[in-house]
Every structure is written in structure tokens, then in C-alpha cells.
There are 2 protein chains.
Amino acid sequence: MKSAASAMSHDDTQETGVPQIRDAIREAIVERRLSPGTKLSESDVGNLFNVSRTLARAALQALSYEGLVSVEKNRGAFVAYPSPEEARQIFAARRLVEPGILRDAAARVTPSDIQHLKQLLLEEGRLMSERGQTARRAEIKASGDFHLTLAAISGNAIMQRFMEELVARSSLVIALYGQSTVSSCGHSEHGDIIEAIESKELDRACHLMLHHIAHIEADLDLRERKSLGLKEAFEL
Amino acid sequence: MKSAASAMSHDDTQETGVPQIRDAIREAIVERRLSPGTKLSESDVGNLFNVSRTLARAALQALSYEGLVSVEKNRGAFVAYPSPEEARQIFAARRLVEPGILRDAAARVTPSDIQHLKQLLLEEGRLMSERGQTARRAEIKASGDFHLTLAAISGNAIMQRFMEELVARSSLVIALYGQSTVSSCGHSEHGDIIEAIESKELDRACHLMLHHIAHIEADLDLRERKSLGLKEAFEL
DNA sequence: AGAGGTCAAATTGTATACGATTTTCTGCAC
DNA sequence: GTGCAGAAAATCGTATACAATTTGACCTCT
């Protein structure tokens with residue numbers, strides 16, 4: 001396997017600190033430059049960012065709290081490889097919280113917020129028509145940003161952080177179990193939700209949101225792919 | 001101020017590892033043996049648990065991710081001192097997610113789960129009638145356990161972890177802003193919710209839950225207590 | 001060739017060392 | 001006594017060192 005290090009970009013600005021490292025790795029995971037299961041050794045991470053293992057380890061720990069990295073005792077850290085069950089729970093959580101966040105957001109939304117959302121939508125559409133790795137990565141981020149912006153508008157920092165975790169983990173799930181090559185989020189659905197918010201049709205907005213999440217989930221193939229029991233794999 | 005160390009118990013079993021330390025400190029915070037604002041120096045924590053600063057630091061970092069400890073750069077870690085605004089957001093988050101969790105839990109609840117919940121209720125009642133610090137601490141934990149058990153029954157590990165964070169932080173908020181000396185959770189309200197679940201009255205159960213959370217929040221005095229402007233403090 | 005076992009290399013776990021920053025104490029001028 | 005350097009102490013930030021564990025290779029014996 002290609003070294004984990006080479007898969008990440010690294011600006012040489014000597015801005016030290018765990019947050020930079022954590023954020024850089026998270027971005028790499030969310031944008032799928034790092035695939036689930038990739039080993040993230042402390043030394044490699046440290047070398048890549050020109051820091052000691054101490055800081056590399058701290059960054060990996062931080063990511064493990066967010067569920068993006070799993071650390072196995074005495075074995076090291078790996079980009080998380082969510083199980084189908086875990087994937088289901090992530091989306092169940094989103095169905096549980098996003099309508100509520102949407103309601104809170106709608107109650108506080110300002111015209112400037114609406115403008116911001118529409119801006120995001122435009123950008124998203126632009127990226128969809130482009131081709132190339134870079135555009136694809138930017139599109140992934142943009143489509144998540146819609147949901148995160150709603151959380152930000154809701155004004156609840158706690159729910160916002162939770163949504164950041166859920167969106168990031170969703171990206172991992174889609175990378176693993178997504179079937180269609182098309183974008184993770186139905187672009188038009190975002191637009192419909194914005195419209196519903198704008199015209200204060202709260203119930204319809206929530207309904208659309210639930211439908212939208214279900215739509216994303218429907219594109220996943222979450223059938224258990226066991227190791228085939230180590231026996232079943234060869235009998236027959 | 002009394003040393004932070006002396007406020008925590010510590011069993012001498014040489015079970016090393018960050019989790020033990022983290023859990024012990026969390027328990028101490030949730031049970032209010034450690035007050036908001038208390039300094040948690042890395043050396044003290046390390047000495048207390050007979051580990052190096054490395055592990056102490058890791059444990060404190062972990063707690064900061066849960067919002068129970070705030071670490072200030074170059075100054076150290078302190079038991080979190082949530083602002084009134086933060087407190088409001090914590091309860092807003094609970095109002096947002098607990099009805100949903102309750103619905104999911106009700107859909108999967110087994111007779112054995114009901115029995116477990118009633119058991120908790122009994123224990124809670126028993127502790128309420130007792131007196132003394134130890135009983136008070138146990139009661140605090142028991143009252144939170146009701147909400148956590150519901151999350152466990154819902155079968156969603158992600159929501160469960162989120163609820164653990166919210167309940168723990170609620171304990172901090174109540175310690176800071178709670179007015180009445182009585183228990184944080186209306187004991188009878190828990191019983192009513194169990195009944196509603198048992199008889200499959202979902203809407204009523206959710207309604208009761210919202211009411212219950214509002215009831216807890218109503219006991220708080222979340223008025224901003226500024227430093228009193230340094231002038232107003234003395235002009236009558 | 002295959003099974004099993006020992007050793008070497010790599011990697012993580014934890015402690016310690018040292019520099020940087022903040023806080024506290026001290027002493028001197030006023 | 002008050003106020004303000006400046007030094008001393010304490011505490012955090014980061015790197016390095018060393019122990020423990022895992023992994024994989026190689027070698028032997030059947």
C-alpha cells in the first residue's frame with residue numbers, strides 16, 4: 001500500500017500545533033484522499049508534519065474521538081472502517097437530529113443566511129459540472145457544507161459540532177458503501193429545502209430533509225460482507 | 001483552594017491506562033466532588049494516579065473533547081465552567097434529541113428493559129429518602145442513568161455516546177446554576193415516562209420527556225452574572 | 001515442503017528531559 | 001505602604017529515550 005504520508009498534502013508553513021495536523025488529516029479523510037483502513041503510523045504522521053510522535057499521537061487521538069480514526073491498542077491508528085451497522089446508526093442519528101436542527105435554524109434564519117445557502121448551492125452546482133479529482137473533492141465538501149451551514153444557523157454550537165462529526169463519518173460511509181458514482185447528495189434536494197425554509201413551510205422542509213437523508217442512504221449497499229466465516233468461504 | 005487531587009478517590013490497583021484516569025476524573029466531576037473551575041494540573045493528576053504527565057495529559061485532553069474540562073493554552077486544564085449560554089445550548093440539544101431517542105427506544109423496548117428501568121426508578125427513590133453526601137452523589141448518578149438507559153435501549157451507540165456527554169455536562173450546569181436543593185430530576189416524572197412507554201403511548205411519552213427536561217431547566221438561574229461592571233458593583 | 005520456533009525489525013506505550021510561558025515572589029525606588 | 005521591575009518557581013509544550021509488544025523473516029527439524 002502506498003505510504004499514508006504521500007497521500008496528504010502539507011503546506012510548509014511552520015504553524016505548529018495539534019489542531020493543524022488534526023484538521024489536515026480530517027480533511028484528507030473526508031475528501032477521500034485517505035481510504036478507510038489506511039494505516040496512520042505515528043512516525044509517518046510526525047515526519048510528514050515535521051513534529052515529534054507526541055503531537056502526531058495527540059492528533060490521531062483527537063480524530064479517534066470523532067470516529068474518523070480507530071486506534072487499536074499496541075497496533076496503531078487506522079482510518080476508520082465503519083461497519084454496515086455503524087453506517088446505519090450514523091444515518092439514523094442524522095434522521096433523528098437534522099429535522100430538529102432544521103426547525104431551530106428556520107426560526108432564526110436571516111436573509112443573509114438564505115443568501116449564503118444559495119451561494120453554497122450555486123458553488124455546488126458549478127462543481128458538479130466540472131470534471132477531475134479536485135472538483136470531485138470540492139464537491140464532496142460542498143455538499144456536506146450545506147448541512148453544516150444549517151447547523152451553524154441554528155445557533156447551537158453543541159449540535160453544530162455533533163453534525164460535523166456525523167457529516168464527516170457519513171463521508172467515510174459513502175466512500176465504503178456508496179454505489180452510484182454520482183454525488184453523494186442530490187443537489188436539487190438541497191435547493192428544495194432552501195425554498196421551503198424561505199417560504200416558512202417548516203413541516204415541508206423537515207419532510208424534504210428526511211427524504212433527502214433517506215435518498216443518500218438508499219444509494220448505499222449495506223449488506224453484511226462477512227469474511228464468509230472462514231469455512232463457508234470454501235465449502236460449496 | 002484544596003488540592004484537586006485530594007478530592008478524588010483512587011483505588012491502588014495498578015491498572016494503568018488513560019481510560020481509568022479519564023473515567024475516574026469524569027465520575028468525580030459528574031458526582032460534583034470536583035467543582036467547576038477547579039484546576040487540574042498535569043503533575044497533580046499524574047501523581048495521583050502514579051503515572052507520568054504524558055498519560056495525565058492524555059486523559060485531560062480526552063475530557064476536554066467531552067466538554068467536561070477546558071484546557072487553556074499554556075495555562076492548564078480546569079473543570080469546565082459552562083456559561084449560561086452554553087447551559088442553554090446543552091438543554092436545547094437535549095430537547096432536540098431525547099424525544100427522538102425515546103421513540104427509537106420505545107420501538108425496540110423489551111419487557112426486560114422495562115424491568116431494568118423500573119429497577120433504576122426504585123433505586124432512585126431509595127436514594128432520595130436517604131441522607132448524606134454519598135447518597136446524594138449516588139442519586140445524581142441514578143437520575144442521569146435513567147436517560148442514559150433509554151439511549152442504550154434505542155440501540156444507537158452514537159446517540160448513546162452523545163447522550164452521555166449531554167448528561168455529564170448537564171450535571172455541571174446544575175451544579176453551577178441549580179437553585180433548589182432537591183434532586184435534579186423529578187423522580188415521579190421518570191416513572192410517568194416509563195408508564196407511557198409501557199402502554200405504548202408514544203406521543204404522550206415524548207410530551208412527558210419534553211416537559212421533564214423543561215422542568216429541570218426551569219430550576220436553573222441562567223441570568224448572566226457579569227463581574228458587575230466593576231462600577232455597578234459599588235454604586236448601590 | 002510444511003510446521004514450529006527463535007530472533008530481528010518495526011511500531012506503539014510510557015517516562016523523562018528540556019525549553020517556553022506564565023505566575024509568583026522579592027526587593028528596591030518612591 | 002505602594003508600585004513596578006526582575007528574578008525565581010511552577011507549569012505547560014514538545015522532543016527524545018527507553019521499555020513493551022507486535023510482525024515478519026529465517027532457520028531448523030520432521
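Convention: sequence-line order gives letters A, B, ...; per-chain numbering from 1.
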For this session: Give the rounded distance in Å between these two atoms: CG of A:L55 and P of D:dG13.
Result: 10 Å

Exercise. Charged N to carboxylate O under 4.0 angstrom, B:R94 versus B:E217?
Worked result: no

For this session: Go through the structure and list residues passing side-chain hydrogen bond (donor to acceptor under 3.5 Å, both in side chains) with A:Q115, not counting sequence neighbours.
Result: none

For this session: Would you indicate, yes or no, if C:dA15 has its OP1 or OP2 atom less than 4.0 angstrom from a side-chain nitrogen or oxygen of B:R53?
Result: no

For nucleotides 21-25 of chain C, give me every protein contact, N/O to N/O, under 3.5 Å, one pair per line with atom names.
{"residue": "C:dT23", "atom": "OP1", "partner": "B:R75", "partner atom": "NE", "Å": "2.6"}

For this session: Sequence neighbours left out, what passes side chain to side chain contact (heavy atoms under 4.5 Å, CB included) with A:A168? Give chain and number order.
Result: A:V30, A:L68

Problem set entry | Distance test, side-chain N/O of A:K39 to OP1/OP2 of C:dT12, below 4.0 Å | yes

Problem set entry | Residues forming a ring-ring contact (aromatic ring centres under 6.0 Å, His included) with A:F146, sequence neighbours excluded | A:H190

Problem set entry | Nearest-Å distance for atom pair CG/P, residues A:L60 and C:dG13 | 11 Å

Exercise. Starting at the 5' end of DNA chain D and moving along, which residue's nearest nucleotide shows up first, B:T54 or B:E42?
Worked result: B:E42

For this session: Specify the separation, in whole Å, of atom CD1 of A:I21 and atom C1' of D:dG13.
Result: 13 Å

For this session: Sorted by first residue and then second, give each salt bridge (Lys or Arg N to Asp or Glu O under 4.0 Å) pair with at least one member in residues 144-162 of chain B; sequence neighbours left out.
Result: A:E165-B:R161

For this session: Using whole Å, report how far CG of B:L40 lies from C1' of D:dC12.
Result: 14 Å

Exercise. Between B:F49 (CZ) and C:dT14 (C1'), how many Å, whole number?
Worked result: 17 Å

Exercise. Taking only side-chain nitrogens and oxygens of A:R57, does any of them come within less than 4.0 Å of OP1 or OP2 of C:dT12?
Worked result: no

For this session: Under the side chain to side chain contact (heavy atoms under 4.5 Å, CB included) rule, collect the residues that match up with A:Q89, sequence neighbours excluded.
Result: A:E85, B:N156, B:A157, B:I158

